[in-house]
Each structure stands twice: as C-alpha cells, then as structure tokens.
2 protein chains.
Amino acid sequence: MNTRTTSRKPRADVVRNRARILEAAETHFLTQGVAASLEAVAKEAGIGVATLYRHFPTREALLAGLLNERRDELEKRQRRIDNLEDPGEALRRWLRALEDYLSLYNGLSEPLVIASKTSGSSNPLTRSCADLITSTGDYLEAARAAGQARDGIDGRDLFMAVSSVAWVRNTRAADDAALARLRSIVESGYGRTGQTAR
Amino acid sequence: MNTRTTSRKPRADVVRNRARILEAAETHFLTQGVAASLEAVAKEAGIGVATLYRHFPTREALLAGLLNERRDELEKRQRRIDNLEDPGEALRRWLRALEDYLSLYNGLSEPLVIASKTSGSSNPLTRSCADLITSTGDYLEAARAAGQARDGIDGRDLFMAVSSVAWVRNTRAADDAALARLRSIVESGYGRTGQTAR
DNA sequence: ACCTGAACACCGTTCAAGT
DNA sequence: ACCTGAACACCGTTCAAGT
C-alpha cells in the first residue's frame, strides 16, 4: 500500500538492529566502561560485528547514540533546576547533574573532554558537548549577574572542572565524603565564597 | 676471586636488561602514554617479552620503576620550595610540581589515583603515592597554620584535585590559559581567597 | 638462574561474499 | 540495501624449552 509513499523510511530490521546494538552497548558500557569490547556488544546484540560498525562507525558514534537517549533525563532535571530562585543554587545543581551525566559509564569523561576540544567536526560527541558547555555558561552567567560567581572563568572552564571530578569519581578511588570535599573545592573555586553580592 | 664473597650480587646482564627495559619504556611511554605496547617496549629493549615480565610483573611495577628514577628531580624541586618564606606560595608551588610529575606520561594520573586508594598492598605504585600525599598534607598544614588554607580538607583531597588537573592536561583538550584558569579554581578552592590571615 | 620465542586467547577493523 | 563471518594485524600474558 504505502510502500511507495514512505520512500525514505527506515527499514524495519535496520531499526531493530540499531535498537539492539544500543541496548547491548548500554549494558556492556555500564558494567565494563566505555572501553568494553565491541565484539562482545555485537555478539550480545545477536548481529555481526560489521553491522555494528555500519550503524556506528566509531566508538564515539556509539557513545553519542547512547548519550542522546539519556539526554531527556538531563533536560527534565534541567527544567526543575530552572524553577529555582537562587542562581547560585541553580548553578550548583546543574553542575551536579552534569557530573552525574559524565559519570554514567566508566571512562566517559575522557572522550567527552577530548570532543570538547575538536570544535571542528568529525567527532560525533562534539555537538552534545557544545550544548552542555553552552548550558553551563548560561547558568554561570546568571550566577555571576547575581554576584554568586567570580569573573574570569567561562562555561568551558567549569565543564572541564566538572569532567575532572567525574573522572575522579569513576576511578572509584574516592568515597562519597572525599567526593563531596572535592566538589566543595571546585564550588568555592568558582564562587564568591560565602559573602553574597555585597 | 670475589665471585663467592659477593654472594647476593645482581647479575651483570640482569642489571643491563633492567636498564634497557626502563630506557625503552621511558621513550615509549613518553610518546604513546602509559598504555603503550609492552611487546614493543621489549622489542626496542632487544629482549624477549617474558624477560620484561620477569623484571616487571605488571605495568604498574614498570611505572613504579620509572617514577622512582624521576623522584630525585621532584625532591630537588621540593628542597627549593622548602626555602620559601610564604607557606601559601610553597603549597602552590608544590602542587604545581606534583602536577608536572603526574603529567609525565599520558594516562599516568589514573593508575596513581587508583593506587592511592588501595592502601593495603600489592600495587607497586601505592608507596610512591603515599609519600606524595604525605608531602602534600605537610605543605597544606603549614599553609593552614599561616592562615593561607582553609579547614576541612586534607592532603589526599588536594592530591586528588591535582591529579584531576593533570588528567585534563593530559587529554590536551585545554590550552595553557585554560589550564591556568583550572588551577586558579583549585587554588581559590583550597585557599583563603585573597585575605591573608586576618 | 635467567632468557627466549612460540602459543593461546582476545580484540579492532575491514572486506569479499552472501541475501 | 543490508548483513555476515572470515581475515588480518595487533596485543597481553604464560610456558615449555633452551643456555
């Protein structure tokens, strides 16, 4: 019937394969980190390796596919943050949401930070990164306007700082209390420590 | 003659092999990072792979061997720092020396931070780590006594913070200016920002 | 005692062959 | 058009065999 009208439709099994790959990759990356074997992912997805490569030519492309699926969660959290009155509190909560996002898989912060550099092209993670940095810059600017953040740093700087916290977190070398202290170092590093506006 | 008297001497070619391995590893790690191929290292050293494993059973053991050779440089730098009058300045310089040390090879900070956790045993990097953390704690304590560092954090916390800066540095995603801003975040994060003692 | 290279198991990536 | 598994090159690690 409509086999002709829907000319640029995605083929049924292609869609299914893509979903299976993402699902298998998710579980493997969650347990093994971003360096998990792609062969194993393909096997669990029940497809040949080459099919995986056809769908996601690089590991970064696969990561980007996974992160896109997680993006709604982050945006939902972002909407809740936007309802806050205090811009300093909003910035703090956003940075925490960002940290959680960057800590999803072990080793995730590294490709993301690298992608944040290559402003040019090619890297499939660059776009997601740019969005995150822009958001961070917005929250930072709002906090600064309210006298709750210092001058001389930008969204990219805070993105790097949060990425590095996520990196420490993923090494599992720091317990919760130590992570909290690390966050407090970063917080009083970008903020106007204690004194409000004045 | 004295072949019998020097009973627990290191065999000549063993010493030579060890030196060759360290030399080859140094150049490979410098160019390829800590994940460089050990097979390639062995080949460049002109020995069989198994000999490398005999000398250094794990990659961490090899790293520890290399870092021990670099330790004098760090201690020399440390002695210069100890001559400074201002404990805050001393702490800042020490953290920078530490950052340089942790940035020697790409990917070095990760095994070191992991080793800093496993307080127990087995990991050959744990000892070097513990020393670095102790020194950091000493400089921090001195700075705090002079009212130049805040309460509530310890040497281990600063070690983590510096490791994470070294990690960002090694990703090569941040230029010199961005790294300086990241350091400034950490600095005003642990310090009593601006106001001295009071 | 120490060294060696072959052996095994694993992985990333590509490509000729299938449907 | 899409999928497949075999193929190639590489690596970490161990072990039987050499000296």
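First the proteins, then the strands, lettered A, B, ... as listed; each starts at 1.
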Check the pair B:Tyr101 / B:Leu132 against side chain to side chain contact (heavy atoms under 4.5 Å, CB included), numbers first and verdict last.
CA-CA 10 Å; B:Tyr101 190 71; B:Leu132 296 173; 3.8 Å; yes
Could you go through nucleotides 11-15 of chain C and list every protein N or O atom that sits under 3.5 Å from one of its N or O atoms, giving the distance for each pair?
from	atom 1	to	atom 2	distance (Å)
C:dG12	OP1	A:Leu38	N	3.3
C:dG12	OP1	A:Arg59	NH2	2.7
C:dG12	OP2	A:Ser37	OG	3.4
C:dG12	OP2	A:Leu38	N	3.0
C:dG12	OP2	A:Glu39	N	3.3
C:dT13	OP2	A:Tyr53	OH	2.8

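- We find that A:Arg92 and A:Asp86 are not joined by a salt bridge, their nearest charged nitrogen and carboxylate oxygen being 4.0 Å or further apart.
- Salt bridge annotation for B:Glu26-B:Arg70: present, with a cationic side-chain nitrogen under 4.0 angstrom from a carboxylate oxygen.
- Side-chain N or O atoms of B:Asp13 include none that pairs as donor or acceptor with a backbone N or O of B:Arg16 at under 3.5 Å.
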With a 3.5 Å cut-off and sequence neighbours excluded, list the donor-acceptor pairs that the side chains of residues 35-47 of chain B form with protein atoms.
from	atom 1	to	atom 2	distance (Å)
B:Ser37	OG	B:Glu39	N	3.3
B:Ser37	OG	B:Ala40	N	3.0
B:Glu44	OE1	B:His28	NE2	3.1
B:Glu44	OE2	B:Thr27	OG1	3.2

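- When rounded to the nearest whole Å, the span between CZ of B:Phe56 and P of C:dC3 equals 12 Å.
- With salt bridges taken as basic N to acidic carboxylate O contacts below 4.0 Å, one links B:Glu141 and B:Arg144.
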Please produce a list of atom pairs where a protein N or O lies less than 3.5 Å from an N or O of nucleotides 16-19 of chain D.
none

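- Between A:Asp175 and B:Lys117 no salt bridge is recorded (no basic side-chain N to carboxylate O distance below 4.0 Å).
- Between A:His55 and the phosphate of D:dC3, there is a side-chain N or O to OP1/OP2 separation shorter than 4.0 Å.
- The pair B:Lys76-B:Asp72 does not meet the salt-bridge criterion, since no charged nitrogen lies less than 4.0 angstrom from a carboxylate oxygen.
- Interface residues of residues 17-24 of chain B facing DNA chain D, ordered by number: none; criterion, heavy-atom separation under 4.0 Å.
- Between A:Arg93 and A:Glu89 a salt bridge is recorded (basic side-chain N to carboxylate O distance below 4.0 Å).
- Taking the charged nitrogens against the carboxylate oxygens, A:Arg20 and A:Glu23 have no contact shorter than 4.0 Å, which rules out a salt bridge.
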Toss me the dot-bracket line for DNA chain C: Watson-Crick and G-U wobble, both under 3.5 Å, 5' to 3', using | for pairs to another strand and [ ] for crossers.
||.|||||...|||||.||
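- Partners of B:Phe56 by ring-ring contact (aromatic ring centres under 6.0 Å, His included), not counting sequence neighbours: none found.
- Salt bridge annotation for B:Arg169-B:Asp176: absent, with no cationic side-chain nitrogen under 4.0 angstrom from a carboxylate oxygen.
- B:Ser188 contributes a side-chain N or O that, together with a main-chain N or O of A:Gly189, makes up a donor-acceptor pair within less than 3.5 Å.
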